[in-house]
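Everything below concerns the one structure shown next.
Every chain is numbered from 1 and lettered A, B, ... according to where its sequence line falls, protein lines coming before strand lines. Below, each value reflects all heavy atoms present in this structure, side chains not excepted, and no hydrogens, waters or symmetry copies. As the structure is a prediction and not an experimental result, all values here were calculated from the model.
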Number of protein chains: 2
Amino acid sequence: MLPPDVEPCCPPLSERPFTAEEAERTARMFRALGDPVRLRLFTAVASHPDGEACVCDISDVGVSQPTVSHHLKKLKEAGLLTSERRGTWVFYRVEPSVLAGMGQMLTPRAA
Amino acid sequence: MLPPDVEPCCPPLSERPFTAEEAERTARMFRALGDPVRLRLFTAVASHPDGEACVCDISDVGVSQPTVSHHLKKLKEAGLLTSERRGTWVFYRVEPSVLAGMGQMLTPRAA
DNA sequence: CGTCTGCTTCGACGTATGTCAACCTAGGAG
DNA sequence: CTCCTAGGTTGACATACGTCGAAGCAGACG
């Protein structure tokens, strides 16, 4: 279900005006990081050793556990995280290529 | 000539878990780019010659003029754009340092 | 089997957000 | 002054979104 192929979603933001379709795709990813709770969850996963963490390790962000699960699902749908169940626990892991793609979009022209 | 004197908003997303305050600040910026219309407006300004554009040049994004104005205001509040009136027209310009700061946050650990 | 634990899904609720039509303001042209 | 154009503001509306409690589901363990 998840193509591991890394294709650049869109050109840098300053290269040319986005089409409606490009804007839709890109906005989904930025919107995923546009929530404080999701940002805390994401940084918690990303900064964890081995780049992965189980939900129990990161769910101390001030909201209920169902809400944590809801936000992790959103991050997964945006392609920023992947999840895998191992025994009792579910581990989340960052998808570095997607993150790198977003970084490339923010590259200024002169750099 | 261009010192990488970037706004030290927050460390890279993979450095450590964000605090609630950091997440709030950062989420505001990402959320600003989390709307398709805003993304089209922003890329239209950013890709314009001289890095600036008047509203009349970029307002063909499929929504009404008040909505365009509303989104430009949001981008301005997020610090991504600045505006200046010159005669009849209002020109919007990208704030490169803020954009670069966001790019640094998306920098993977190995880079 | 039954129960406990970790996590997800469901259903409901309040708030935030995108959108538009109508109106308002600023500045140039006559 | 009047009129026109470029944009911003207001108010209202529908939808999206974040949040929670309750219920459901999957493994581990006895």
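Rounded to whole Å, the distance from CG on B:Leu81 to C1' on D:dG7 is 15 Å. As rounded to whole Å, 9 Å separates atom C1' of C:dG18 from atom NZ of B:Lys74. Separating the CZ atom of B:Phe91 from the P atom of C:dG27 is a distance of 14 Å, rounded to the nearest angstrom. The CG atom of A:Leu72 sits 15 Å away from the C1' atom of D:dT19 (whole-angstrom rounding). Atoms CG (B:Leu75) and P (C:dG18) sit 10 Å apart, rounded to a whole Å. The CD atom of A:Glu84 sits 15 Å away from the C1' atom of C:dC7 (whole-angstrom rounding). Note: CD (B:Glu77) to P (C:dA16) measures 14 Å, nearest angstrom. A:Arg31 places its CZ atom 9 Å from the C1' atom of D:dA16, with the value rounded to the nearest Å.
Contact check for B:Val94 versus B:Leu81: side-chain heavy atoms found under the 4.5 Å cut-off. With a 4.5 Å cut-off on side-chain heavy atoms, A:Glu22 and A:Pro11 count as touching. In this structure, the side chains of B:Gln65 and B:Ser59 stay at 4.5 Å or more apart for every pair of heavy atoms.
For B:Arg38 and C:dG18, the shortest distance from a side-chain N or O to OP1 or OP2 is below 4.0 Å. For D:dG18, one of the phosphate oxygens OP1 or OP2 lies less than 4.0 angstrom from a side-chain nitrogen or oxygen of A:His70.
For A:Gly34 and B:Thr88, each mapped to the nucleotide of DNA chain D holding its nearest heavy atom, the one lying further toward the 5' end belongs to B:Thr88. Two residues, B:Thr67 and A:Asp35, neighbour DNA chain D, and the one matched to the more 5' nucleotide by heavy-atom proximity is B:Thr67.
When each of D:dT19, C:dC7, D:dG7 is scored by its nearest atom to the side-chain atoms of B:Trp89, the top-ranked nucleotide is D:dG7. Set against D:dG7, D:dC20, C:dG18, the side chain of A:Pro66 has D:dC20 as its closest nucleotide. Comparing atom distances between the A:Lys73 side chain and each of C:dT9, D:dG8, C:dG18 picks out C:dT9 as nearest. Comparing C:dC20, C:dA26, D:dG27 against the side chain of B:Arg85 picks out C:dA26 as the nearest. Checking D:dG7, D:dG21, C:dC7 against every side-chain atom of B:Cys56, the shortest atom distance belongs to D:dG7.
Note that CD of A:Glu77 is 6.5 Å distant from NZ of A:Lys74, once rounded to the nearest 0.5 Å.
Counting non-hydrogen atoms under 4.0 angstrom, B:Tyr92 reaches the backbone sugars and phosphates but no base. Using a 4.0 Å heavy-atom criterion, one finds that B:His71 contacts the sugar-phosphate atoms exclusively. Counting non-hydrogen atoms under 4.0 angstrom, B:Lys76 reaches nothing in the nucleic acid. If you check every strand for non-hydrogen atoms under 4.0 Å, B:Val68 touches nothing. Residue A:Arg86 is classed as having no contact, given no heavy-atom separation below 4.0 Å to the nucleic acid.
Taking both residues in full, the closest heavy atoms of A:Lys76 and A:Thr82 are given as CG-CA, 4.3 Å, listed atom of the first, atom of the second, then distance. The two residues A:Arg40 and A:Thr43 make their nearest non-hydrogen contact at O-OG1, 3.1 Å.
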